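Below is one structure, written out as structure tokens; the observations come after it.
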Amino acid sequence: MTVPRRASPATTEARPGRRARAVVLIAVLLTCLAALGARGTADRLSQGGWTPATAESMRADSLLASGFDAGAPHLILLAETSGSVDAAAARRAGLALTTRIAAAPHTAWIRSYWTGRNPALRSGDGHSAIVLVRFHGDEQAVRAAGRATVARHTGNAGPLTVAASGQAPVLSETERLSARGLLLAEVVAAPLVLLILLWVFGSLLAALLPLLVGAFAVLTTTAVIHQLAGTTTVSVFALSITTALGFALAVDYSLLLVSRFREEHTAGAPVERAVRRTLRTAGRAVAFSSATIAVSLCALLLFPLPLLRSIAYGGIAVVLLSAAGSLVLLPALLVLLGRHLDRCDPFARLRRPAKPVSSGAWYRLALAVMRRPTAVALGVLALLALLTYPATQVRLGMYDDRILPPSSPVAQASQRLRARFATAALDDATVVLPGLRVTDHATRLHPYAAGLSRIPGVRQVDTATGSYRHGRHTAQPGPQAARFTSPAGTWISLAFHTTTPFSPEGSRIARQVRAEPPPHAAPVLVGGPGAQLADTTRTLTERLPAAVATTVVLTFLLLVAYTRSVLIPLKALVLNTLTLAATAGVLVAVFQQDVGGFGGTATGGVTDIVVPSLMFCVAFGLSMDYEVFLLSRIIEEHRSGQSTSAAVAVGLQHTGRLFTSAALVFATVMACLTLSELVLLKLIGTGLAVAVVLDCTLVRALLVPAAMRLAGRANWWTPRVRRGPHPGEVPAQAAPSGTSAWG
């Protein structure tokens with residue numbers, strides 16, 4: 001009989017180390033492969049996606065381009081001279097400029113003052129004229145053509161000085177300033193974040209762990225986005241938001257796991273056992289937190305906007321990959337480095353000795369709040385209501401070129417264009433009448449165009465039958481009338497009184513234009529900025545109830561499964577809503593109402609209808625993340641025999657430092673975005689920084705203890721009869737009275 005050989009203790013101890021090294025090696029290989037697969041991702045991303053591709057405004061613009069050689073120009077060249085644009089030298093230079101651009105293979109059509117003598121393309125003083133250009137191809141092709149044309153044809157052209165404005169230059173300038181703003185934020189934020197991580201994690205080695213997890217999550221997610229961009233429209237915002245969310249979650253999850261590992265290891269557990277207990281407790285919180293955030297992001301898939309859907313794709317990927325890195329890679333690193341984790345602490349001399357839990361600042365704060373829960377809750381709610389109030393005066397719109405800084409050459413050209421040309425020679429709205437021939441139906445077109453000119457806010461209507469103002473036919477067809485007809489039908493141009501078509505007023509006018517009875521049986525397509533805003537608003541409002549309901553129901557069910565409670569998930573959802581509402585109020589006050597000088601003229605006095613939605617997805621996810629961190633410890637303490645008040649106090653003491661530190665890291669990075677010249681980055685940075693600061697101070701530190709104290713035993717009510725322990729739950733223990741250096 002052969003006696004089986006027993007593994008030696010050294011062999012048994014080496015097995016976890018070998019497995020951990022294998023996990024780390026696989027993670028490194030995956031990260032390197034992802035880095036190779038992510039190359040060139042930014043060049044494949046879209047700056048558009050703000051309006052559904054099937055929207056009426058998009059179909060109108062597409063038909064104008066294909067059937068009439070019309071539509072919104074991609075590039076506007078402003079040509080200026082000290083003399084007259086009608087002088088011989090200026091005219092020769094203008095014609096030469098027009099000919100060179102028209103000969104380029106990427107030019108679809110071009111309108112120039114010097115070729116058509118259209119008075120709308122000439123300024124009133126005669127010193128300026130404009131050239132309108134539209135390019136072939138998709139968004140990437142248009143951006144490339146716009147950059148090439150601007151580089152080749154702006155500057156001095158004989159007696160003319162040419163500057164660029166329009167859609168393509170504005171997007172290119174936004175991209176350039178965004179990249180510069182992000183680089184500036186990184187340069188300023190990097191040393192600050194490193195100092196915060198060193199202080200919070202307690203050693204250089206521990207501070208590197210979230211950076212490794214974050215690099216794994218962000219690079220693999222970027223590779224996923226790179227592949228998605230080859231099959232669908234993916235917004236550039238998807239990359240920016242997933243990068244921010246990935247590093248934020250990496251810090252959150254790493255801080256929670258490392259803190260719990262230290263707590264278990266300090267209590268005497270060997271490294272491997274401490275890692276296992278960490279995964280059974282804090283790891284479970286990470287798994288539920290990531291599932292909750294991913295589920296909330298799924299609601300964005302209900303919106304047919306490429307922008308929001310691409311945010312959902314990238315957001316879900318980065319959340320799941322952050323969780324995978326935290327639950328697989330980080331434990332392996334802890335097994336390998338756990339014994340050396342506390343070495344190299346540059347702030348060791350500044351740290352105070354460990355104190356009993358009952359002497360901690362967070363513990364004392366929780367008890368102070370719970371002694372007067374009603375007063376604290378009412379005071380915090382009043383402050384949040386005050387911050388929320390400006391949101392009741394929100395004016396939803398979209399941003400245009402005015403978000404560029406005044407120092408930008410594109411912004412300066414756009415400002416001169418707006419000042420010298422009554423309508424900027426652009427159509428504030430277009431009405432496409434497919435199949436309507438003026439020769440056959442002029443009697444139908446005439447009353448329809450006159451009716452459009454009566455709509456409040458419409459300054460002038462131009463079409464094949466002439467011009468109209470206030471319901472009257474003011475001008476007969478001129479030389480430009482031919483451009484309004486083609487075998488595809490007829491179209492109409494509308495000019496508004498408002499100078500901000502991407503505003504509620506522009507949207508209102510577009511909706512009224514659509515309400516006018518059409519002159520023939522074929523469908524009428526209304527396009528232009530106001531129509532795009534109306535289409536986007538309608539899409540968001542139609543799908544918003546379903547998206548909110550999906551988020552609330554799925555998040556509620558996940559939290560019920562995690563907490564075994566009904567009231568606690570309801571409270572979490574209500575408190576997250578309060579945080580988001582207060583953040584919305586701050587954004588409206590600062591950027592729409594110009595409190596502090598950040599917005600006002602730059603934003604056109606409106607709040608962008610899409611960008612806050614993107615920020616709120618990140619803010620909701622982080623708020624839920626902090627909520628799960630806090631609840632996980634409170635529930636654990638309550639199930640170990642603590643009363644509700646004691647469980648809340650101990651839970652806040654153990655986790656308060658964690659979520660406030662994580663929020664401080666994220667808020668520091670976001671606050672550095674306000675150093676950018678681009679108002680859009682200022683808005684994103686301010687909004688996310690305010691959201692996490694409000695959440696970790698007013699909500700988690702004050703409202704949560706007050707609400708749980710007022711609810712008392714009702715916190716733990718559940719309709720389920722049997723309430724056995726969770727699989728892997730830590731056995732009940734006596735109330736903790738020891739010390740924790742990291743709690």
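All values derive from a computational prediction rather than experimental measurement. FYI, the numbering just counts along the sequence from 1.
A salt bridge is defined here as a Lys NZ or Arg NE, NH1 or NH2 lying under 4.0 Å from an Asp or Glu carboxylate O, and Asp535 with Arg514 meets this definition.
The shortest distance between side-chain heavy atoms of Val85 and His127 does not fall below 4.5 Å. Counting heavy atoms from C-beta outward, Leu417 and Ile130 have side chains that approach closer than 4.5 Å. In this structure the side chain of Trp491 never reaches within 4.5 angstrom of the side chain of Thr463, judged on heavy atoms. Residues Val458 and Ile455 have side chains in contact (heavy-atom distance under 4.5 Å, counting atoms from C-beta outward). Contact of the Glu175 side chain with the Arg143 side chain is registered, since non-hydrogen atoms from C-beta on lie closer than 4.5 Å. Taking the side chain as every heavy atom from C-beta outward, Arg395 and Glu505 approach each other to under 4.5 Å. Contact annotation: the side chain of His153 approaches that of Ile101 to within less than 4.5 Å [non-hydrogen atoms, C-beta and beyond]. Counting heavy atoms from C-beta outward, Leu678 and Thr174 have side chains that approach closer than 4.5 Å.
Side-chain atoms of Ser408 and Glu173 include a donor-acceptor pair closer than 3.5 Å. Between Ser467 and Asp462, the side chains place a donor N or O and an acceptor N or O closer than 3.5 Å (distance only, hydrogens not considered). Under the 3.5 Å distance criterion, with hydrogens and angles disregarded, no donor-acceptor pair is assigned to the side chains of Thr242 and Thr221. Side-chain contact check for His470 and Arg454: no donor-acceptor pair (N or O, by modelled atom type) lies under 3.5 Å. One side chain, Arg511 or Ser507, offers a donor N or O that lies under 3.5 Å from an acceptor on the other. Side-chain contact of Gln512 with Arg508: a donor-acceptor pair under 3.5 Å is present, judged by distance alone. Residues Arg420 and Ser128 bring a donor and an acceptor atom of their side chains to less than 3.5 Å of each other.
Contact between Ala510 and Ala531 at its shortest, heavy atoms only, is CB-N, 3.5 Å. Closest approach of Ala163 and Thr154 over heavy atoms only: C-CG2, 4.3 Å. Pairing each heavy atom of Ala411 with each of Pro405, the nearest pair is CB-O, 3.3 Å. Residues Leu433 and Tyr448 approach most closely at CD2-CE2, 4.2 Å, considering heavy atoms. Nearest heavy atoms, Ser84 versus Ala90: O-CB, 3.5 Å. The nearest pair of heavy atoms linking Gly605 to Gln592 is O-CG, 3.4 Å.
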For residues 309-316, run the donor-acceptor check on the side chains, cut-off 3.5 Å, and write out each pair with its distance to 0.1 Å, sequence neighbours left out.
{"unit_1": "Arg309", "atom_1": "NE", "unit_2": "Leu301", "atom_2": "O", "d": "3.2"}
{"unit_1": "Arg309", "atom_1": "NE", "unit_2": "Phe303", "atom_2": "O", "d": "2.9"}
{"unit_1": "Arg309", "atom_1": "NH2", "unit_2": "Leu301", "atom_2": "O", "d": "3.4"}
{"unit_1": "Ser310", "atom_1": "OG", "unit_2": "Ser235", "atom_2": "N", "d": "3.1"}
{"unit_1": "Ser310", "atom_1": "OG", "unit_2": "Pro306", "atom_2": "O", "d": "3.0"}
{"unit_1": "Ser310", "atom_1": "OG", "unit_2": "Leu307", "atom_2": "O", "d": "2.8"}

For this session: Show the numbers, then the answer: is there a side chain to side chain contact (heavy atoms under 4.5 Å, CB included) between Thr430 and Leu494?
Result: CA-CA 6 Å; Thr430 53; Leu494 286 80; over 6 Å; no
Problem set entry | Verdict with supporting geometry, Thr465 and Phe484, side chain to side chain contact (heavy atoms under 4.5 Å, CB included) | CA-CA 9 Å; Thr465 54; Phe484 291 106; over 6 Å; no
For this session: Start with the C-alpha distance between Tyr113 and Thr98, add both sets of side-chain angles, then the distance that settles side chain to side chain contact (heavy atoms under 4.5 Å, CB included), and finish with yes or no.
Result: CA-CA 9 Å; Tyr113 167 71; Thr98 304; over 6 Å; no
For this session: Tell me, with the steps shown, if Trp114 and Arg92 meet side chain to side chain contact (heavy atoms under 4.5 Å, CB included).
Result: CA-CA 9 Å; Trp114 292 282; Arg92 284 194 300 271; over 6 Å; no
Problem set entry | Stepwise side chain to side chain donor-acceptor pair (under 3.5 Å) check, Thr161 with Glu80 | CA-CA 5 Å; Thr161 301; Glu80 302 167 288; over 6 Å; no
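Considering only residues two or more places apart in sequence or on other chains, Asp69 meets the side-chain contact (heavy atoms from CB on, under 4.5 Å) condition with Trp109, Arg111.
To the nearest 0.5 angstrom, Ser178 atom OG is 4.5 Å from Leu681 atom CG. For the atom pair CD (Gln460) and CZ (Phe496), the distance works out to 13.0 Å, reported to the nearest 0.5 Å. Separating the CD1 atom in Ile492 from the OG1 atom in Thr490 is a distance of 8.0 Å, to the nearest 0.5 Å. Rounded to the nearest 0.5 Å, atoms OG1 (Thr51) and CZ (Arg538) are 10.5 Å apart. The distance from the CG atom of Asp428 to the NE2 atom of His497 is 10.5 Å, given to the nearest 0.5 Å. In this structure, NE2 in His74 is found 11.5 Å from OG1 in Thr107, a value given to the nearest 0.5 Å.
For the pair Thr149 (side chain) and Gly146 (backbone), a donor-acceptor distance under 3.5 Å is absent. Counting only distance, with no hydrogens or angles, the side chain of Thr550 and the backbone of Ala546 share a donor-acceptor pair below 3.5 Å. Judged by distance alone, with hydrogens and angles left aside, the side-chain atoms of Ser453 form a donor-acceptor pair with the main-chain N or O of Ala450 at under 3.5 Å. A donor-acceptor contact shorter than 3.5 Å is absent between the side chain of Asp608 and the backbone of Leu396. Remark: the backbone N or O of Thr54 is paired with a side-chain donor or acceptor of Arg59 at under 3.5 angstrom. A distance-only check finds a donor-acceptor pair linking the side chain of Ser414 to the backbone of Val410 [under 3.5 Å].
Arg39 CZ: 12 or fewer foreign heavy atoms inside a 6.0 Å radius. The environment of Glu516 atom CD is dense: over 12 non-hydrogen atoms of other residues, nucleotides or ligands sit within 6.0 angstrom.
A perpendicular orientation is assigned to the rings of Phe135 and His106, their planes being inclined by more than 60° (bins at 30° and 60°). Between His446 and His473, the ring planes are perpendicular. Angles over 60° get that label, and only those under 30° would be called parallel.
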